[in-house]
Amino acid sequence: VAPWLAFFADGFPARFWSLVTWVLVPGGGDPLSLLFAFGWFYLFAGSLERAWGTRDFGTTLVLLATGMGLLCWLGSLVPG
């Protein structure tokens, strides 16, 4: 499942969903890294969501994930 969720700059236009789903594949996609990532997300995201509200938090999360993916893709175009 990890190769379909991870973001690869050379396969970006074909797998457009990976702009958002790359955050689900931390540390190469092994289950222990995923468990720890979800644990950290649970600890810190809950307080941010309560402070910002669900809509603002979700929008920020999607925009940051998409923005980082697009920056990675644009960076891969620079060297050729």
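- Listed by first then second residue, pairs satisfying ring-ring contact (aromatic ring centres under 6.0 Å, His included) with a partner in residues 44-73 read Phe12-Trp73, Trp40-Phe44, not counting sequence neighbours.
- For the atom pair Trp22 CH2 and Met68 CE, the distance stands at 6.0 Å (nearest 0.5 Å).
- Contact record, Asp56 with Thr60: O-OG1, 2.7 Å, taken as the closest heavy-atom pair.
- In this structure, the side chain of Thr66 does not engage the main chain of Leu63 through any donor-acceptor pair within 3.5 Å.
- The two residues Ser18 and Ala6 have their closest heavy-atom pair at CB-O, 3.4 Å.
- Rounding to the nearest 0.5 Å places CD of Glu49 at 10.0 Å from CG of Leu61.
- Atom-to-atom distance recorded for Leu43:CG and Leu48:CG is 11.5 Å, nearest 0.5 angstrom.
- Separation of atoms CZ (Phe8) and SG (Cys72) is listed at 10.5 Å; rounding is to 0.5 Å.
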